[in-house]
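Since the structure comes first, as C-alpha cells, the remarks are kept for the end.
Residue numbering restarts at 1 for every chain, and letters A, B, ... go by the order of the sequence lines.
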There are 2 protein chains.
Amino acid sequence: MTARRFAIGVDYGTNSCRTLIADADTGEEIATHVCPYPSGTLGILLDDRDPNLARQNPADYSHSFFSSVRKAVALAKKARGFSPDLVAGIGVDTTGSTPIPVDKQGTPLAAMKEFRDDPAAQAWLWKDHTSHAEAAEITEKARQHPDKYLTKCGMTYSSEWYWSKLLHCRRTSPKVFEAAWSWVEMADFIPAWLTGNPDPAALARCVCAAGHKAMYHEDWGGLPSREFLASLDPALAELRDRYRAPALTADKAVGKLAPEIARKVGLPAGIPVAAGAFDAHMGAVGAGIRPGVLVKILGTSTCDMMVAPAETKLPDIPGLCGIVPGSIVPGMYGLEAGQSAVGDIFAWFARHLCPPEHARGSDPQAGLTRAAAKLRPGQSGLLALDWNNGNRTILVDPLLTGLLLGQTLHTTAAEVYRALIEATAFGALTIIRRFEEYGVQVREVVNCGGIAEKNDLVMQIYADVCNRPMKVSRSAQTCALGAAIFGAVAGGAWPDVPAAQKKMTGLKPRAFQPDPGAARVYAELYALYRRLHDAFGTASGSGPMHDVMKRLIAIRDRERKGA
Amino acid sequence: MTARRFAIGVDYGTNSCRTLIADADTGEEIATHVCPYPSGTLGILLDDRDPNLARQNPADYSHSFFSSVRKAVALAKKARGFSPDLVAGIGVDTTGSTPIPVDKQGTPLAAMKEFRDDPAAQAWLWKDHTSHAEAAEITEKARQHPDKYLTKCGMTYSSEWYWSKLLHCRRTSPKVFEAAWSWVEMADFIPAWLTGNPDPAALARCVCAAGHKAMYHEDWGGLPSREFLASLDPALAELRDRYRAPALTADKAVGKLAPEIARKVGLPAGIPVAAGAFDAHMGAVGAGIRPGVLVKILGTSTCDMMVAPAETKLPDIPGLCGIVPGSIVPGMYGLEAGQSAVGDIFAWFARHLCPPEHARGSDPQAGLTRAAAKLRPGQSGLLALDWNNGNRTILVDPLLTGLLLGQTLHTTAAEVYRALIEATAFGALTIIRRFEEYGVQVREVVNCGGIAEKNDLVMQIYADVCNRPMKVSRSAQTCALGAAIFGAVAGGAWPDVPAAQKKMTGLKPRAFQPDPGAARVYAELYALYRRLHDAFGTASGSGPMHDVMKRLIAIRDRERKGA
C-alpha cells in the first residue's frame with residue numbers, strides 16, 4: 001500500500017479566506033479553516049458617498065493565508081495518515097475581476113505609506129461598479145472593432161472587469177495610475193506571491209482571468225491590440241506589454257512554495273503551487289463539471305458553468321458571460337453564464353417585505369420557506385421577473401428591474417416569496433435553453449453553494465420548473481475542493497483534471513426529481529414568463545415595453561440627484 | 001325669525017346604519033348615531049365554502065333603524081332649537097344592488113320560518129359575487145340586443161347587479177325563487193317599509209337602483225323588454241310586470257312615516273319620506289356635486305361621480321358604470337365611475353407585506369404613510385398598476401390583477417406603499433381624462449370618505465398626479481347628509497336639490513394644491529403607467545399582453561380547484 005497523498009485548496013471569497021486539506025485520492029476533506037479579512041466592513045472597504053465603490057486591502061490576503069493555512073495544517077495533523085510532507089500541491093482560487101495596482105517589483109501600492117489610505121491603490125473588488133461609464137465606452141468601441149472582442153463575453157463589457165477599472169483609475173486617480181507599473185489580478189497575484197515571484201512582467205497570468213475579464217483570446221493573439229487599447233487611452237497600450245503571454249491554465253504549476261511562507265504555515269518549502277483561477281470556475285471543477293454537466297453555484301447570485309471538448313465547433317453564444325478555452329477545465333472550452341441575483345432577491349424580500357408573522361425568530365426566510373412549501377404551482381396567480389439586480393444571462397443588461405404581476409387583495413407574503421423563487425427558476429431554465437439552443441446539451445445539472453445545501457424548496461422548484469433532476473454536489477465547499485484538485489494536478493498527483501475529479505468529487509445521495517404535474521403547470525407559467533421577459537427585456541420582443549424599466553431608472557436617478 | 005327646520009338622513013352602509021339629524025338651513029350636524037347590524041360577521045352573512053357569497057339579514061335593517069334613529073333623536077333633543085315637530089323630511093340611502101326576495105305582501109322571505117336559514121332568501125348584498133356566470137351571460141346577450149342595453153352601464157353587466165342575482169337564484173335555489181313574488185332593492189324596500197306600503201307591485205322603484213343596476217332607461221321604455229328577459233329565463237319576464245314604472249327620483253316623497261314606526265323612534269307620524277337612492281349617489285349630493293364638480297368618495301374602493309344638465313347632448317361614455325337621468329341630482333344626468341380598490345390595496349399591503357419596523361403599533365399604515373411621505377416623486381423607480389381587485393373604470397374588467405415594476409435589491413416597503421398610492425392616483429387621473437375626452441369637463445374635484453378625511457399624503461399625491469387642487473367635503477358623513485338633503489327637499493323645506501345643497505353642503509378650508517415640480521415628474525410616470533395600462537388592459541393596447549393576467553387567473557383557479 002502506497003502512502004496517502006493530500007492537496008491543499010485555498011479559496012479567497014468576498015469576505016474571507018478558506019483553506020481545505022483534502023485526500024488527493026478520495027476527495028475526503030481532512031481539515032478546513034476560515035479566516036475573515038480583518039479590514040473594512042466584512043473585509044470590504046466602502047465609501048458612504050459612493051455605493052458603487054468596493055475595495056479590499058491586499059494585506060488582508062497574506063494575513064488570511066497565514067492564519068487559515070496554518071490552522072488547517074495544525075488540524076490536519078490530528079487526522080490519521082496526514083503529514084505536511086504528503087502535500088502534493090497547493091491550488092488557489094479568488095474572486096475576480098479583482099485587479100491590484102503594483103509597482104515594478106510587484107508590491108501592491110497600498111503597502112506604501114504614500115498610498116495606504118487611497119482607495120484607488122487598493123484591490124478593486126469584483127463587485128466595484130465605479131467604472132460603469134468606462135464599461136459602456138469600452139463596449140461601444142469594442143463592438144465596432146473588426147476583431148470582435150466582445151463575441152466571447154456576451155457582447156457587453158462589464159463595469160466589474162479589468163480594463164474598465166484600469167481606465168476609471170486612469171481618469172479619476174491619475175497619481176495612483178502613474179505609480180502603478182502594472183495591474184495584477186488577485187488570481188495571479190496570490191500564486192506569484194506564494195512562490196516568491198511577484199515581478200509583474202514575469203508572473204504568470206491565468207487564462208481564467210485573462211479570458212473572462214481582460215478580453216484575452218487566441219483568435220486575436222492574446223490581449224486586444226495596442227491600437228485598440230490606445231484608442232481608449234494611450235497608457236493602457238503600454239500596460240499591454242507588461243502582461244505575460246500566453247496565459248496559463250490552472251493545472252500548471254507557477255512555481256514552488258517559498259521557504260519564508262512555508263515556514264510560517266507549517267509546511268515544507270517547495271510544494272508546487274498551481275496557477276490561479278476564479279472561485280466559481282474552480283468550484284465547478286470541485287462539483288464535478290464535465291461535458292454535458294451544468295454546474296450551478298447558487299448563492300447571492302449564480303454562476304452557471306459548462307465545459308465543451310476542445311474539438312467542439314462552438315458558435316458564439318449570445319448572452320454568455322464568457323467562452324474561454326481552458327478557463328475551467330484545461331483542454332476544454334469553459335462556458336460561463338449566470339443570474340445577477342438569486343439568494344439576494346430572497347434576502348431582499350425577507351428584509352423589506354416580510355410581515356411580523358414570518359419575521360419572528362432569527363431567520364424570516366425559514367418561516368417564509370415553510371409557508372411557501374405548502375403552496376402548489378400556479379395557485380397564487382402570481383408571476384415575477386427575477387431582475388431586481390438586472391439580468392446577466394441571457395440579456396446582459398444591468399438596467400433591468402424586478403416585476404411582480406397577478407396580485408389580488410388576498411395575495412400573501414408566502415405567495416410572493418414563492419413567486420420570486422419560481423422567477424429565479426425560470427431564469428435558470430432560460431440559461432439552460434440558451435446553452436441547448438446553441439448545441440451545448442445539458443444532460444445533468446449539479447448544484448452547489450449555500451442555497452443548494454440549505455433550501456430543499458428552491459431545489460424542488462428548480463427541478464419542477466426545469467423538468468430535470470437537480471443533483472447536489474457532495475462537497476459543501478466546492479471552490480476550495482476545486483482549488484485542491486488543481487493543486488493535486490499541478491503537483492503531479494494526477495495526470496489531468498478529469499482524472500482527479502473522478503476520484504475527488506461526487507454527489508449527495510439525494511437528487512431532487514421533477515414532479516410531472518408541477519412540471520406541466522410550470523411549462524404554462526414559463527411561456528408567460530418568457531413573454532414578459534421578451535417584452536420588457538428585448539428590443540425585438542413581442543411587446544414594445546423594452547424602454548419602460550430604463551425610463552424609470554433614468555427618472556429615479558435624476559430625482560435622487562435632485563434630492 | 002322663522003323656526004328652525006331639520007332633516008333626517010338614514011345611511012345604510014355595508015356594516016352599519018347611521019342616522020344624522022341636520023339643520024335644513026345650514027347643514028349643521030345636530031346629532032348622529034350609528035348602529036352596527038347584529039347578524040353575521042360585521043353584519044354580513046358569509047359562507048366558508050364560497051368566498052363570493054355575501055348576504056344580509058333583512059331584519060337587521062328595521063332593528064338598526066329603530067336603534068339609531070331613536071338614539072339620534074334623543075341626542076338632538078339636547079341641542080338648542082331642535083324638536084321632533086321641526087323635522088321636515090326623512091331621506092334614506094342604502095348599498096346596492098342589494099335585492100331582497102319578498103312575498104306578495106312585501107314581506108322578506110327571510111322572515112318566514114321556512115326560509116329563515118336559507119342564504120338565498122336573505123338580502124343579496126352588493127358585494128355578493130356568486131352570480132358571475134350569469135353576469136357574463138347577460139352581458140353576452142345584451143351586447144347583441146338591438147336596444148343596446150349596455151350602453152348606459154359601461155358595456156358590461158356586473159355580477160353585483162340585480163338581474164344577475166335573480167337569475168343565479170332561479171338556477172341554484174329554485175324553491176326560494178318560486179316563493180318570491182318579487183325582488184325589491186333595499187333602497188326601495190326601506191322607504192316602502194317606513195311608509196307602511198310594502199306591496200311590491202305598488203311600491204316606488206327609484207331611478208338610481210333601476211337605472212344603474214336593472215338596465216332601466218327611457219330610451220327603451222323602462223326595464224329591458226319581456227322578450228329579452230325571457231331569453232335569459234321566462235320567469236324573469238314575469239317579474240318585469242311586478243316592477244312599478246316610471247321609477248322615481250329621490251326628491252319625491254313616497255309617503256309619510258307610519259305611526260307604528262314613528263312612535264318607536266320618538267318622531268311624529270306623517271313626516272314625508274323620500275324615495276331611496278344608493279349611498280354613493282346621496283354622498284355625492286352631500287359633498288356638493290353640481291355640473292363641473294367631480295365628487296370622489298374614497299374608501300376601500302371609490303365612486304367617482306359627476307352630473308350633467310339634462311339638456312346636455314351626452315354621448316355614451318365607454319367604461320363608466322352608469323349614465324342615468326336623475327340618479328344623483330333630479331333633472332340631471334348622473335354619471336358614475338369608480339376604482340375597484342383603493343383603500344383596500346393599502347390595507348392589503350399593510351396586512352400582508354409590511355415589515356415589523358412599520359407594523360409596530362395599532363396602525364401599520366400610519367408608519368408606512370410617515371415613511372412614504374419622506375420620499376420624492378419618481379425617486380423609488382417603482383411603478384404599479386392599481387388592479388388588485390380588477391378595474392372598474394375605464395376597463396370594466398374584473399379579471400385584471402396587480403402589477404409592480406422597478407424593484408431592485410434596495411426597494412423598501414415605504415417605497416412600494418407609495419407606489420401603490422401613486423397607482424391609485426394614476427387610476428383616478430385616468431377616470432378624469434375619460435370624462436373630459438367625452439366632453440364632460442372636470443372643473444373642480446371634491447373628495448370625501450375615510451381616506452379624504454384621514455390621509456393627507458394620499459390627497460397631496462392625488463393633487464400632484466392630477467395636477468389639480470384636491471378639495472375635501474366639509475361633512476365627514478356626506479352619505480347621511482345627502483340623505484338628509486333629499487329628506488328636506490321631499491319634505492318641502494327646499495324647492496329642489498341644488499337649492500338645498502347651496503345651504504347645507506360645503507368644503508373644508510384646506511385644499512391640497514398641486515406642486516408643479518411633482519406634477520412634472522408624475523406626468524412622465526403617468527405616460528409609462530398608461531402604456532402598462534393599455535398593454536395589459538386592452539386588446540388594442542400598445543403591446544399584446546392583454547391575456548397575461550387572465551391566463552394566470554385561469555391557471556390559478558384550475559390549480560386551486562385541483563387542491
Side-chain angles (χ1 to χ4, degrees), chain A residues 51 341 344-345 347-348 351-356 359-360 364 376-383 385 387-390 401-413 415-416 517 521 524-525 527-528 531-532 535-536 542-545 548-549 551-553 555-560 562-563, chain B residues 51 341 344-345 347-348 351-356 359-360 364 376-383 385 387-390 401-413 415-416 517 521 524-525 527-528 531-532 535-536 542-545 548-549 551-553 555-560 562-563:
Chain A
D344 270 350
I345 295 182
W348 160 75
R351 160 77 187 81
H352 288 288
L353 294 168
C354 180
R360 284 191 211 106
R376 292 154 46 95
Q379 76 162 192
S380 72
L382 296 175
L383 185 62
L385 289 174
W387 297 350
N388 289 43
N389 195 27
T401 50
L403 184 151
L404 177 69
L405 183 151
Q407 304 89 290
T408 68
L409 296 172
H410 307 286
T411 297
T412 65
E415 287 177 328
V416 177
V521 176
E524 290 179 81
L525 293 176
L528 296 173
R531 279 175 57 198
L532 294 176
F536 285 94
S542 61
M545 312 297 278
V548 171
M549 291 169 179
R551 279 176 196 268
L552 282 168
I553 290 172
I555 292 170
R556 178 190 76 191
D557 291 351
R558 188 191 68 207
E559 293 304 316
R560 287 187 178 183
Chain B
D344 270 350
I345 296 182
W348 160 74
R351 160 76 186 81
H352 287 289
L353 294 167
C354 180
R360 282 190 212 109
R376 293 154 46 94
Q379 75 163 194
S380 72
L382 296 175
L383 185 62
L385 289 174
W387 297 351
N388 290 43
N389 196 26
T401 50
L403 184 151
L404 177 68
L405 183 150
Q407 305 88 291
T408 68
L409 296 171
H410 307 286
T411 298
T412 66
E415 288 178 327
V416 177
V521 176
E524 290 179 82
L525 293 176
L528 296 173
R531 279 175 57 196
L532 293 176
F536 285 94
S542 61
M545 311 296 278
V548 172
M549 291 169 179
R551 280 175 196 267
L552 282 167
I553 290 172
I555 292 170
R556 178 190 74 191
D557 291 350
R558 188 192 68 207
E559 293 304 316
R560 287 187 178 183

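- Only the backbone of Leu382(A) comes within contact range of chain B, with at least one heavy atom under 4.5 Å from a heavy atom of that chain.
- At a 4.5 Å heavy-atom cutoff, the contact between Ala413(A) and chain B is made by backbone and side-chain atoms alike.
- With sequence neighbours excluded, the residues forming a side chain to side chain contact (heavy atoms under 4.5 Å, CB included) with Asn388(B) are Gln407(A), Leu409(A), Ile345(B), Trp348(B), listed by chain and number.
- In this structure, chain B has no heavy atom under 4.5 Å from any part of Pro364(A).
- Contacts with chain A were tallied for Pro377(B), Gly517(B), Pro51(B), Cys354(B); Cys354(B) has the most, counting heavy-atom pairs under 4.5 Å.
- Of the residues considered (Asn389(A), Leu405(A), Leu528(A), Asp344(A)), Leu405(A) shows the highest number of contacts with chain B, using heavy-atom pairs under 4.5 Å.
- Within the 4.5 Å cutoff, the side chain of Val521(A) has heavy atoms near those of the Arg558(B) side chain.
- The shortest side-chain heavy-atom distance between Gln379(B) and Asp557(A) does not fall under the 4.5 Å cut-off.
- Using a 4.5 Å cut-off on side-chain heavy atoms (C-beta onward), Leu404(A) and Leu403(B) make no contact.
- For Ser380(A), the part sitting under 4.5 Å from any heavy atom of chain B is the backbone (N, CA, C, O) and nothing else.
- Counting all heavy atoms, side chain and backbone alike, Leu532(B) lies closest to Met545(A) at CD2-CE, 3.3 Å.
- Here Thr408(A) pairs with His410(A), Thr411(A), Thr401(B), Arg556(B) under the side chain to side chain contact (heavy atoms under 4.5 Å, CB included) rule; sequence neighbours left out.
- To the nearest 0.5 angstrom, Ile555(A) atom CD1 is 4.5 Å from Glu524(B) atom CD.
- With chain A as the partner, the residue from Gly378(B), Ala341(B), Gly390(B) showing the most heavy-atom pairs under 4.5 Å is Gly378(B).
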